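Working notes for the structure below.
What you see is a predicted model, and the numbers here were worked out from it, not measured in a lab. Here is the naming used below: chain letters follow the sequence lines, and residue numbers restart at 1 for every chain.
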Amino acid sequence: MEIAIINENGNLTVVLKGRLDTLQAAECDKQLAPIHENADKDIVIECGELEYISSSGLRIFLSILKDVKAKGGSLVLKHVSSEIRNIFTITGFHKLFTIQD
Amino acid sequence: MSLANKLSLYISLIIIVIFCAIGAIFLRYGAEREERLVSLYATLIVDNSVDKLDSEISRVEGHLANSATVVEKRLGDSSGLMQMVEQIVDTDSLIMGGCIALRPGADGVRLMEYVCRGADGTWQRKHLGDTDYDYTRMPWYTEALRQDKAVWSEPYFDTGGGNKMMVTCSYPLHDADGEITAVLTADVSLGALSGEIARLRPIDDSYAFILSDKGVFMAHPDSALILKKDIYAYSREKGCPHIAEIGYEMLAHKKGSRHTDIAGEDALVVYEPIPGTGWAICSVCPYGAIMSRLDLVTVRAVIFLFAGLIIIIILVRLVVLYAMKPLARLTGAASKISDGDLNVQLPSMRPSDDIGRLNNAFGEMQKSLRQQMERLVETTKAKEHIESELHIARSIQMSLLPHCFSPFPQCDNLELYAIIRPAKEVGGDLYDFFIRDSKLYFTVGDVSGKGVPASLFMAVTRTLFRNTAGRCDSPAEILSVINDTVLKDNDTCMFVTMFVGVLDLITGHLVFCNAGHNPPVSVSTGGVALLPCKENIPVGVIEGFVYEQESISLQPDQSLFLYTDGLTEAENASRQLYGDDRMLATLSQHSADTPKELITHVESSVTDFVGGVNQSDDLTMLCLRLKHEDSHTPLHKVFANTLSEISSLPAYTELIATRYGLDAETRGRINLVLEEAVVNVINYAYPEGVEGKIALDCSHDAASGALTLEISDSGIPFDPTAAAGPDTGAPLEQRPIGGLGIYLVRNLSDGVEYRREADRNILKITLLLNK
């Protein structure tokens, strides 16, 4: 998968492309370390090209959300596909995350 | 037999033969010589005896003659006659007695005065004139008168005197007128003669005899014959006419010797007359006696010869052994050399004789052998070094090629097998295959040439194929790229024939391009045929060449057999090629077999064909087949308990989706369910470091529309369904980071069941597709 982090005037946008499965999760977690450091900022995760997510991926989302809430930042998920949105629903994540189109 | 023994034997045999020849000659001429010697000796002895007898007779006659002149003057005095006779007898010891007998005159008065030596040495005197003894009739008297000279009588036994065998010499006496007036006699005993005769023995066992002029034996070893028999009677008695012949000769006063038969005995006879008496003497030497002398000589000679022979043979043996001793030492050293001990010290010898020169030649040979061995060791070392490097090169080359054949985890309906057999340690053949995006990319190629250069080019080609086929999808494009890349720096003008194919593992659609390679064989139960291919030139010949590809649909259970010309051009001892026909025949015999079995059959067929002939070219075979599968066959997949296997799950899901015509949403759902379940097993069923196999099965019940996924593992008992699900309604602060996996499985499927069976955890997940 491909991960890109864009910093716009201190507002961070994370772009996730491809499949976020168990194998990719560890690498992804490592690359997203700057997000944890900037959990006090406004963070957007662009999921338009995220094709697949497993529970390992959900754990990464959840750990970022917990950091953001603790440090007073904000997290918004954008363009989440219906398949992934379904998974968020099943797991109750749709109530925890702010999901925008 | 050793040379020394042979030499000794031959020389000894020659000496024995020579000695035998000398012995035979000695015997032959020795007998003749002995006969001559004996004959000469016998003649000498007979001569000598005759001379002696002659001298004695002459002496007696001389005495009578000497006395005659004295007696003649005193004949008138008859009283002194007796004394004169005594004097005459006394002059010679040989004369035993004598007499004077007057010739009776007209008055008829006889006077005979006789004297003889008595046994006691005294004189016995007899006046016999007036007795009955009429001497005028006695032969000794009458013969003397008749012959008017000294006359010797026949021998006789003197009955009157000494009872001895006697002969009498009568000598006539004359008066002044020359008239015979008296006869003077001297009696000589034959006993003295016999003594002489007894000594007439040239050799032992010989004897002699004397005949009187009447042929009567006067002397003979057999005394019974003496004066009793004449030689003729003896001859008749013995039945031997040769004796009589000798008798004639003797009585004819002849001298001679002859080799004749005497009374059945071969003998040498020598005879001679005794002058003045009419007697003859004969010596008889039997040949047996002569030869016995010779035999004695012969035995001595043979003993000496034999002793000499033994000494010579011993000397020959010693000389031969001495002469051969260096050869024996050299032989010992040479046999050590032949056992491989090249450092053995050769015996030191003077190079003057043949053995010495041989020894020198051996020394030279040993030196050059040693040098050769040293060179050989060096060469062998260098060769071993090269061989070990080639061996390493071979393992590197072989490791370039894939060795892991079907079943493939990504595609269990593909069967593929390949072998490569370089003619030398390394070769120029290649094959390769890999699966990318549910497609099998494969190639078989043959670099021009053999050995190390070809192997290097092969490695380059194989790497180019891997790289190119990893990103290009069409065989023609792959070949074009490889061709252009190779030609950029191809100073060696090497080229490679290649067959490149891309097989869609789901549809069986095969796209291929043949760059000057042998056409592959299509093998199916319906028939075996070479696959018709468009002609393209080999890779590495013309830059920018546009390769043309084509395609066929590979039917289920249709095998594709690829090979290099090392197969069809394999030569046997009669220089025949294995050829397409034999290959096609072998393949058609086993058309229903698996690719591995097909290759094994062809390999054993070509091995039998070439026999023991060295392989002349590299040989490569690759065979593949897509198994026919119906939709009831469960999709089966086995993999290791490592997280990296997760990457194969999308392809597996794709297979299921294609098989059952599933939409993207369901496909994603199945993928997620499988991943969560498998990750769970990997994380919890296997303690750290324990390896195991996880099996996936998928089946579909068309009636109920239920798709069943079964995950089975060999790990410790672990029931994921036992865990309590998360509280999805809890606020963020109470939500744990993990624990969502099995919850997702449960919520994305229509049923999850766990069971433990035969030491395996089995998780059955059901999805109802018709819902």
So, taking the atom named [atom1] in [X] and the one named [atom2] in [Y], what distance separates them when rounded to the nearest 0.5 Å?
X: A/T89; Y: B/N747; atom1: OG1; atom2: CG; result: 11.0 Å
X: A/S56; Y: B/E676; atom1: OG; atom2: CD; result: 6.0 Å
X: B/L744; Y: A/T91; atom1: CG; atom2: OG1; result: 6.5 Å

With distance as the sole test, does A/E83 use its side chain to make a donor-acceptor pair with the main-chain N or O of B/G668 at under 3.5 Å? no

Among residues 717-736 of chain B, those lying within the under-4.5 Å heavy-atom range of chain A are B/T728, B/G729, B/A730, B/P731, B/L732, B/E733, B/R735, B/P736

Counting heavy-atom pairs under 4.5 Å to chain A, which of B/V679, B/L649, B/L672, B/I646 comes out on top? B/L672

I'd like to know whether B/N671 forms a side chain to side chain donor-acceptor pair (under 3.5 Å) with A/R19, so could you lay out the CA-CA distance, the side-chain angles of the two residues, the decisive distance to 0.1 Å, and finally the verdict. CA-CA 11 Å; B/N671 194 162; A/R19 299 171 57 88; 2.6 Å; yes

Would you find more than 12 non-hydrogen atoms of other residues, nucleotides or ligands less than 6.0 Å from [X] atom [atom1]?
X: A/Q100; atom1: CD; value: yes
X: A/K69; atom1: NZ; value: no
X: A/F97; atom1: CZ; value: yes

Heavy-atom pairs under 4.5 Å with chain B: which of A/L58, A/I60, A/N86, A/L96 has the most? A/L96

